[in-house]
Amino acid sequence: MSTDENSGTTPDMSPLKVDPTRASTLLQSISSIHARISTTCKSQNISKPPRLVAVSKLKPATDILALHQPPSDISSSTPQLHFGENYVQELQEKSKLLPKSIRWHFIGGLQSNKCAQLAKSVHSLWAVESVDSVKKAQLLDKGRAQRNEELQKEQDGNAVGGTEEKLRIFVQVNTSGEESKSGVEPKSEDLLSLCKTIRDECSNLKLQGLMTIGAIARSKATTAETENEDFINLRENRDWVAKELGISKEDLELSMGMSEDFESAIRQGSDEVRVGSTIFGERPPKSEAKVLEHTEEDKK
Ligand SMILES: *Cc1c(COP(=O)(O)O)cnc(C)c1O
């Protein structure tokens with residue numbers, strides 16, 4: 001699907017129609033997540049709740065819009081700002097269709113040959129959380145530089161726009177050691193040199209922190225008494241990296257916790273949880289996922 005012809009439309013002219021029933025279901029789900037986050041924070045005396053990234057992969061653009069710009073007649077809390085996506089092309093399409101005020105997080109498996117494209121083409125890409133090699137960091141850095149050069153040119157032409165801030169990078173750590181999971185090895189030279197490269201050599205990137213997915217089995221085995229080892233492991237890695245880099249550990253975030261285990265992650269000091277299916281419901285298979293939903297009316 002090509003959405004290039006929409007690139008000039010403003011968010012107000014968005015062709016997307018939010019179904020009010022769906023919107024109210026989604027708003028209820030997200031507010032119950034907020035309530036669970038806040039209960040967990042209170043129980044641990046955590047004053048600053050973690051950022052909530054709503055993971056919208058394989059879900060239609062209208063679901064995102066419903067949470068970001070809820071219909072005015074549905075009373076709601078603050079609009080959701082942060083959304084997470086796993087596939088480069090899907091994110092490109094959504095970022096063209098949706099308001100520029102959304103802060104996108106790329107959290108999926110990242111191939112080197114998609115890095116430059118990702119950093120260049122996605123508007124308001126706020127963070128990339130799945131960086132596990134120096135090469136990928138350098139390509140993202142280059143892509144962000146090119147994007148800013150292009151934005152600069154446009155700005156010189158008609159005095160609107162402006163360049164984007166540094167792209168935040170989370171280094172993915174394979175805390176569970178599973179072969180199927182990407183990420184650098186915990187407490188390794190690779191982890192340190194990648195963090196140093198991002199900080200010292202990539203002027204368009206900012207080292208934001210570390211990210212892990214963790215083993216499903218561990219999140220299932222987690223109780224309030226036996227905390228998830230992956231989260232303890234990531235926190236220890238963060239403390240180690242901070243010490244080796246000579247920075248304060250408060251300056252390195254932990255991105256950990258998903259639908260099944262975000263409360264455990266918060267207890268271990270997570271700064272950002274990434275929650276998908278508990279907000280949006282089960283995901284369709286990738287082959288059936290659609291960015292634009294078509295209603296029965298459209299099919300006639
Ligand atoms: C899909 C995904 C999530 C969200 O998973 P849920 O279990 O649906 O909450 C979080 N993080 C990453 C990296 C993902 O790929």
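Keep in mind the model is a prediction, meaning the values are calculated, not measured. In listed order, ligands and their atoms are each counted from 1.
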Original post:
Is it the side chain (CB and beyond), the backbone, both or neither of R283 that lies under 4.0 Å from ligand 1, heavy atoms counted?
Top reply: side chain

Original post:
Should you measure from each heavy atom of S277, which atoms of ligand 1 turn up under 4.0 Å away?
Top reply: 6 (P), 7 (O), 8 (O), 9 (O)

Original post:
For V275, is at least one N or O under 3.5 Å away from an N or O on ligand 1?
Top reply: no

Subject >> For atom 12 (C) of ligand 1, the protein heavy atom that lies nearest, with its residue and separation >> reply: I107 CD1, 3.5 Å

Original post:
With only distance considered, is E260 within less than 3.5 Å of ligand 1 through an N or O on each side?
Top reply: no

**OP:** Assess whether side-chain contact (heavy atoms from CB on, under 4.5 Å) is satisfied between E165 and K206, documenting all intermediate values.
**Re:** CA-CA 9 Å; E165 52 197 3; K206 173 180 192 291; over 6 Å; no

**OP:** Pull out every atom of ligand 1 sitting under 4.0 Å from any heavy atom of N86, numbered as shown with elements.
**Re:** 14 (C), 15 (O)

Original post:
Of the choices S259, G84, S182, which has the non-hydrogen atom that lies closest to atom 6 (P) of ligand 1?
Top reply: S259

Subject >> Atoms of ligand 1 close to I213 [distance to a heavy atom under 4.0 angstrom, numbered from 1] >> reply: 13 (C)

Subject >> Basic-acidic side-chain contact under 4.0 Å: R51, D271 >> reply: no

**OP:** For E129 and Q172, indicate whether the former's side chain and the latter's backbone hold a donor-acceptor pair under 3.5 Å.
**Re:** no

Original post:
Who's the nearest protein heavy-atom neighbour of atom 2 (C) of ligand 1, and how far?
Top reply: K57 NZ, 2.5 Å

Original post:
Is NZ or CZ of K57 both nearer than 6.0 Å to the six-membered ring centre of Y87 and within 45° of the ring axis?
Top reply: no

Original post:
Of the protein's non-hydrogen atoms, which lies at the shortest distance from atom 10 (C) of ligand 1, and what is that distance?
Top reply: M258 SD, 3.2 Å

Subject >> Distance from atom 11 (N) of ligand 1 to nearest protein heavy atom, with residue and atom >> reply: R274 NE, 2.9 Å

Original post:
Are E178 and K181 close enough for a salt bridge, meaning some N to O gap below 4.0 Å?
Top reply: yes

Subject >> K94 and E90 ion-paired at < 4.0 Å >> reply: yes

Original post:
F83 and H68: side-chain contact (heavy atoms from CB on, under 4.5 Å), yes or no, with the steps?
Top reply: CA-CA 9 Å; F83 290 88; H68 183 64; 4.1 Å; yes

Original post:
Less than 4.0 Å between a side-chain N and a carboxylate O, is that true for D132 and K136?
Top reply: yes

